[in-house]
2 protein chains.
Amino acid sequence: MPRTADHDQRRRQIADAVCTLISGHGLDAVTVARTAATAGMSVGLVQHYFRSKDEMLLHAFQEVTARIRARAEDRIRAGIEHRQPISWVLAGALAEFVPLDERRRTEFRVTTAFAGRALDAPALAEVDVATARRLREDIARAVHNGKECGEVDPGLDPWPAAVRLAAVTEGLAMQVHRDPAGMNGVPAAELTASIIRAELAVVFTGECRQYAGMSGS
Amino acid sequence: MPRTADHDQRRRQIADAVCTLISGHGLDAVTVARTAATAGMSVGLVQHYFRSKDEMLLHAFQEVTARIRARAEDRIRAGIEHRQPISWVLAGALAEFVPLDERRRTEFRVTTAFAGRALDAPALAEVDVATARRLREDIARAVHNGKECGEVDPGLDPWPAAVRLAAVTEGLAMQVHRDPAGMNGVPAAELTASIIRAELAVVFTGECRQYAGMSGS
DNA sequence: CGGATAACCATATGGCCATACGGTTTTTAC
DNA sequence: GTAAAAACCGTATGGCCATATGGTTATCCG
């Protein structure tokens with residue numbers, strides 16, 4: 001009987017506006033009024049879809065992390081279809097987190113801003129922790145699968161390796177964020193590629209003798 | 001002729017209050033009034049020492065980064081005096097940045113909060129960038145000195161190695177921050193030590209045949 | 001002693017923001 | 001066609017905050 005609208009689409013629209021504002025002027029510049037204006041709607045409508053500002057921010061955070069994760073998974077799926085070695089696929093997926101172009105830069109700014117606020121906002125912190133854990137699990141699974149393909153030494157424990165790879169990726173993202181032009185004459189993209197490659201070479205020591213696979217437990 | 005007070009001490013006192021507030025309740029909880037109360041003084045006095053809130057925050061950020069750096073340098077100096085291998089000394093210095101105890105946890109929270117705000121505060125960003133650059137320079141110098149001691153292959157370029165070591169350290173700090181208890185049954189301290197050790201082993205491949213030294217260009 | 005100067009204080013002010021609230025419009029079911 | 005429910009709007013309100021301002025107090029020099 002009632003008038004109807006696409007709830008999820010509206011909420012995504014608002015989340016987009018939040019991200020635009022954060023990326024452009026920082027998390028402190030995000031007010032409900034400004035978000036509504038950016039999204040092209042009224043303050044009241046934003047309130048209609050989110051009980052409070054905190055709820056709105058939480059949803060935006062979940063939205064952006066989900067989007068990044070989806071991109072990484074797409075890359076992995078594509079790599080598998082093209083029968084690339086796992087280490088290649090993983091290198092590409094990890095590079096998704098390093099702010100090397102405008103899109104990734106925007107995402108990095110948004111997630112970093114949220115991570116900063118997560119320091120004293122348990123709901124945001126939970127998203128942050130869960131996201132990081134999932135990434136580690138994905139990496140560990142890739143390493144595990146690498147064993148079956150002969151790319152990884154069967155005796156290697158995937159977990160410390162996953163923590164390590166997640167750490168370099170995240171740290172590298174910070175470095176590139178601070179010096180987008182690169183360091184000591186080396187462009188950021190090359191630096192990133194070489195460091196990730198080197199780091200993966202420590203784990204993926206064997207040749208690939210099967211096609212790549214990332215799925216399965 | 002005038003009444004006199006220790007300017008720098010007062011400013012440090014205020015910076016301490018800011019850090020206490022950030023660590024306890026986040027950067028958003030830092031107001032001039034609350035800072036004054038925490039520092040045990042009036043709002044007017046804080047204004048007397050800082051023209052604006054931004055100036056106050058900037059000084060607090062500089063203060064805390066300087067303090068952390070001083071601690072790392074102390075560690076290095078002590079290591080040199082005890083004739084430890086450079087890789088040992090460096091391992092200890094890098095571990096200073098990982099939030100493994102309450103003091104480091106507090107510092108990590110404060111610097112991370114500032115790093116988040118630095119996304120749209122050029123003055124803070126400058127401090128952040130400069131701090132990171134200095135750390136890389138210190139690491140690169142250590143690697144360079146490692147060559148003269150025979151711990152490092154003379155053909156190795158210290159710069160990518162320094163970026164890489166800085167990246168793992170920073171990334172590891174994030175991981176430990178999110179999972180202070182450790183991951184997959186491995187305590188955070190052990191995980192940290194083993195990863196830093198492994199990472200350093202890639203660079204410091206030789207035996208130490210001289211006493212350690214970190215100074216010099 | 002006196003006055004200049006810095007240290008220090010309490011309050012006023014003006015702006016911004018999250019949220020509350022009362023309303024109008026549109027759709028659909030019957 | 002009408003009633004109900006949701007979509008949507010604009011404004012009011014109350015709180016909080018940075019900063020401005022007009023003071024008082026202590027110290028020291030001459």
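Below, chain A is the first sequence line, B the second, and so on; all start at residue 1. Quantities reported herein were computed from a predicted structural model and do not represent experimental measurements.
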**Student:** For Y49(B), answer base if it contacts any base atom (sugar-phosphate contacts may also be present), sugar-phosphate if it contacts only those atoms, and nothing otherwise; contact means non-hydrogen atoms under 4.0 Å.
**Tutor:** sugar-phosphate
**Student:** From C-beta outward on L45(B), which listed nucleotide comes closest to its side chain: dT19(C), dC8(D), dA7(C)?
**Tutor:**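 The answer is dA7(C).
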**Student:** For H48(A) and dC8(D), is the shortest distance between a side-chain N/O and OP1 or OP2 below 4.0 Å?
**Tutor:** no
**Student:** Sub-3.5 Å donor-acceptor pair from the side chain of S23(B) to the main-chain atoms of C19(B), do we have one?
**Tutor:** no
**Student:** In residues 110-126 of chain B, what residues come within less than 4.0 Å of DNA chain D, judged by heavy atoms?
**Tutor:** none
**Student:** Which residues pass the side chain to side chain donor-acceptor pair (under 3.5 Å) test with D74(A), not counting sequence neighbours?
**Tutor:**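 Applying side chain to side chain donor-acceptor pair (under 3.5 Å) to D74(A) gives R77(A).
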**Student:** By salt bridge (Lys or Arg N to Asp or Glu O under 4.0 Å), which residues pair with R67(B), not counting sequence neighbours?
**Tutor:** D16(B), E63(B)
**Student:** Distance-only check: which donor-acceptor pairs under 3.5 Å involve side-chain atoms of residues 165-175 of chain A, not counting sequence neighbours?
**Tutor:**
residue	atom	partner	partner atom	Å
T169(A)	OG1	L165(A)	O	2.8
E170(A)	OE1	Q175(B)	NE2	2.8
E170(A)	OE1	R178(B)	NH2	2.6
E170(A)	OE2	R178(B)	NH1	3.2
E170(A)	OE2	R178(B)	NH2	2.8
Q175(A)	OE1	R136(B)	NH1	3.1
Q175(A)	NE2	E170(B)	OE1	2.8

**Student:** Near DNA chain C, counting only heavy atoms under 4.0 Å, which residues of residues 11-34 of chain A show up?
**Tutor:**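 Within residues 11-34 of chain A, the residues near DNA chain C are V30(A), T31(A), V32(A), R34(A).
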**Student:** With sequence neighbours excluded, tell me which residues meet salt bridge (Lys or Arg N to Asp or Glu O under 4.0 Å) with R11(A).
**Tutor:**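 Scan of R11(A) (salt bridge (Lys or Arg N to Asp or Glu O under 4.0 Å), adjacent residues dropped) gives none.
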**Student:** Can you identify which nucleotide, out of dA7(C), dT19(C), dC9(C), has its nearest atom closest to the S52(A) side chain?
**Tutor:**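 Comparing dA7(C), dT19(C), dC9(C) against the side chain of S52(A), the answer is dT19(C).
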**Student:** Tell me: CG of D6(A) to C1' of dC8(D), nearest whole Å?
**Tutor:** 16 Å
**Student:** Looking at the side chain of K53(A), which of dC8(D), dC9(C), dT19(C) is the nearest nucleotide?
**Tutor:** dT19(C)
**Student:** Could you run down nucleotides 20-25 of chain D 5' to 3' and tag each one B, S or - for protein heavy-atom contact under 4.0 Å?
**Tutor:** BB---B
**Student:** Within this structure, what is the CE-to-P distance between M41(A) and dG10(D), rounded to whole angstrom?
**Tutor:** 13 Å
**Student:** Would you be so kind as to tabulate the donor-acceptor pairs closer than 3.5 Å made by side chains of residues 51-61 of chain A, with sequence neighbours excluded?
**Tutor:**
residue	atom	partner	partner atom	Å
S52(A)	OG	E55(A)	N	3.2
K53(A)	NZ	V30(A)	O	2.9

**Student:** Minimum heavy-atom separation for Y49(B) and I14(B), please, with both atom names.
**Tutor:** CB-CD1, 4.1 Å
**Student:** Would you mind reading off the distance between F50(B) atom CZ and dA7(C) atom P, rounded to a whole angstrom?
**Tutor:** 13 Å
**Student:** Taking only residues two or more places apart in sequence, or in another chain, which ones meet D8(A) in a salt bridge (Lys or Arg N to Asp or Glu O under 4.0 Å)?
**Tutor:** none
**Student:** Just jot down the side chain to side chain donor-acceptor pair (under 3.5 Å) partners of Q13(A), sequence neighbours excluded, or say none.
**Tutor:**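 For Q13(A), the residues satisfying side chain to side chain donor-acceptor pair (under 3.5 Å) (neighbours in sequence not counted) are R10(A).
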**Student:** Tell me, which pairs form a ring-ring contact (aromatic ring centres under 6.0 Å, His included) where one or both residues lie in residues 168-203 of chain B, sequence neighbours left out?
**Tutor:**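 Output for this query lists F108(B)-H177(B).
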**Student:** Whole Å only: how far is the CZ atom of R10(A) from the C1' atom of dC8(D)?
**Tutor:** 9 Å
**Student:** Excluding sequence neighbours, so at least two apart, what forms side chain to side chain donor-acceptor pair (under 3.5 Å) with R109(B)?
**Tutor:** none
